[in-house]
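Notes to accompany the following structure.
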Amino acid sequence: MLPTPFNAPRSGEIHRWSRTFIPTLKEAPAEAQAASHRLLLRAGFIRQVGAGIYNYLPLGWRVLQRISAIVREEMNTTGGAVEMLMPALEPFELFEGTRRDADYGDNLFRLKDRHGRLTALAPTHEEVITDLMKAGITSYKQLPLALYQIQTKFRDEFRPRSGLLRCREFLMKDAYSFHMSVEGPGGLNQAYDAMDRAYQNIFRRCGLTFTRVEAESGPIGGSASHEFMVNAESGEDTILLCPVSGYAANVEKCEIGPRPHDLAAAPTGDLQEVHTPGLPGIDEVGKFMKVKPDRMLKTIVFRAASNPASIEWVLAVVRGDQEVNEGKVKAAAGFHASMGDEKEARAAGFAIGYVSPRAALATGRKCLLLIDPDSAQGGFWATGADKPDHHVKHFNWRREMGAALDDPARVRVADVRNAAAGDPSPRVPGATLEARKGIEVGHIFKLGTKYSDAMDFRVLDEKQERRSVIMGCYGIGVSRTLAACVEMASDDNGIVWPAAIAPYHVVIVPMRVEPGSDAMSTAESLARGLSTAGLDVLIDDRDERPGVKFKDADLIGIPVRLTLGDKALAEKSAEFKRRNDHNSKSDLVPLDRAVAACIEAVSA
RNA sequence: CGGGGUGUAGCGCAGCUUGGUAGCGCGUUUGACUGGGGGUCAAAAGGUCGUGGGUUCAAAUCCCGCCACCCCGACCA
């Protein structure tokens, strides 16, 4: 046997439709709503097993493999990482340091082994890899290091939905990097930037149009985080962007440009109490009082963590039609605060459901009042009356709050709400933010020392001092990326795969399928030629009517279709059609040029 | 977890109100005719009607419980 050179081009696979499993459906199953869900089901790529649990059928698995291959290439080169594999089972003791079992809560799949030991199905692997590195890395000389895996993750999602877009079991690429420093050669920032580039390459190669947005960073200070959002209306996430500066962020993170405020305006009338019995929300109360939500003040009670000013509660005020942002509340307060436990807040005297900014003035509790600029205005306001079943009209800041407004230790005006379309851009005066829907396919994160501190992962530096290792982590939802690609590229007839991730590059449709027929033997020799050129080929050898084969070929979305009918064969030609080429008829291509035409179409 | 919806043949559905031998279309199998965008004719196979209980001479149908799946919502009080 001749030796095979290492760089020999890979020859493509040749599969026959009749010998693989492609159960296409004429009608989409009723439960599927999202376009990707419907098409993947109809085209025979996936089949549901349970809520948020799917089989990847041969076609679906092939695409996952393609995406994974791109991910591997980019990770191994641009990303500078090496691949490994960690287990799906995770003993609970690993959470002792990080307490993430609590953070994950019900989203963590828990199970007991036969000895009664608690075990988790891993939702991600920070603990496992940190534990592993702890044992293997003891010196700064071994760093930096970046490792990744492509592996099944488990999250007991509250509500799985939209097929592969939100699953309980899904395929993820997760990478972790380890450093002695943030800045400089070998530092976290360098690895982060490399990953950033790798991610952009990956999603571009998958044919996705995406927006890279600033995302909420974790509770440990200084960390940056970016999400890669595929632009799709069906996305669950909302992103905001400034069309002038290019600034883009997710809803939680997005800053809002300067907004004027005015707490000194005169009252609109006497404070008037209204009986509003048993009305649960802003909308209902508003309807009852005939006040629009944007003229009501919403006051949310946060429990303050220990802080130098020994403040116990933080009250955040936004307009009734806006949403309080917990991260911004913390940032404005300057210390940690979390949504108050209802019982605890009631015990402290807050009339939950009917809280007004005046609750901050009550004696005996130390409160910090944070007022969003949009609600720090004059004009008519309605708000709670600080007692059950009552609201007030004609709330006026100066009259109701008095001198407290002038004490920055007690009252501050600050951005504490989620950004929304139409808000001023934080980067360009006069520009306004636009909202888009997106599917989050990737997320990169500067972890800092969060995990290494929690798990005591320290190594000796060049001065023989033990220092916490600085970490980054980088995730891609591989199976979600597949769904996002379908959301992005489909038409009335089915999926339109980009060649880079299509399950096959070429589908050959012989009109006659009897073995030895001109059409079949031509199909086979064409397939061999394509395979030699490195293309994967599917021969539709089913004895079906042409219409059925064409419909199916369109549905499963193979980039190039070669049709072998009597007329074309009589001219020693094949009909050549690109899947993404709409209206046009197919071209006749001489058989001896067909392979070249396919290569050209696929490498475009 | 709250609200809404659905479970009847592989897929899509009707039948349930008013209880009385389980149906239609697609798909599947066989045969013939056909053969360029989801064919025609003929014959056939395929269903514990999600599940457990109850009412009744009789339950897919009425009553109660449970399960599964889908959609919407959800720390903003």
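Quick note on labels: first sequence line is chain A, next is B, and so on, each numbered from 1.
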Check: Given the rule in the side chain to side chain contact (heavy atoms under 4.5 Å, CB included) test, do A/Leu263 and A/Gln377 qualify, once you have shown the distances and angles that lead to the verdict?
Finding: CA-CA 6 Å; A/Leu263 290 172; A/Gln377 302 290 346; over 6 Å; no

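- Between the C1' atoms of B/G2 and B/G19, the separation comes to 35 Å (whole Å).
- Rounded to a whole Å, the CD atom of A/Glu575 is 12 Å from the C1' atom of B/G37.
- Between the CG atom of A/Leu165 and the P atom of B/C70 there is a distance of 13 Å, given to the nearest Å.
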Polar atom pairs between nucleotides 48-51 of chain B and protein, under 3.5 Å, N or O only, would you list them?
none

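- Contacts of A/Arg47 with the nucleic acid, taken as non-hydrogen atoms under 4.0 Å apart, are absent.
- Nucleotide B/C69 is matched to B/G5 when pairs are restricted to Watson-Crick or G-U wobble geometry with both distances under 3.5 angstrom.
- One can place CZ of A/Arg561 at 11 Å from P of B/G37, the figure rounded to the nearest angstrom.
- Counting non-hydrogen atoms under 4.0 angstrom, A/Glu326 reaches a base of the nucleic acid.
- Of all nucleotides present, only B/G20 satisfies the Watson-Crick or G-U wobble test against B/C57, with each distance under 3.5 Å.
- For B/A74, there is no paired base (Watson-Crick or G-U wobble, both distances below 3.5 Å).
- Counting to the nearest Å, the P atom of B/A68 and the CD1 atom of A/Ile53 are 11 Å from each other.
- At the heavy-atom level, A/Arg417 lies nowhere under 4.0 Å from the strands shown.
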Item checked: Under 4.0 Å protein heavy-atom contacts per nucleotide of nucleotides 27-35 of chain B, with B for base, S for backbone only and - for none -> S------BB

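- A 3.5 Å limit on both hydrogen-bonding distances identifies no Watson-Crick or G-U partner for B/G46.
- Among the nucleotides B/A77, B/G37, B/C72, the one closest to any side-chain atom of A/Lys577 is B/G37.
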Item checked: Nucleotide-resolved protein contact map, nucleotides 8-13 of chain B, B/S/- at heavy-atom distance under 4.0 Å -> ---BSS

Next item on the list: Show the numbers, then the answer: is there a side chain to side chain donor-acceptor pair (under 3.5 Å) between A/Gln322 and A/Asp374?
Entry: CA-CA 9 Å; A/Gln322 300 174 333; A/Asp374 291 348; 3.0 Å; yes

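- Heavy atoms of A/Asn493 sit nowhere under 4.0 angstrom from any nucleic acid atom.
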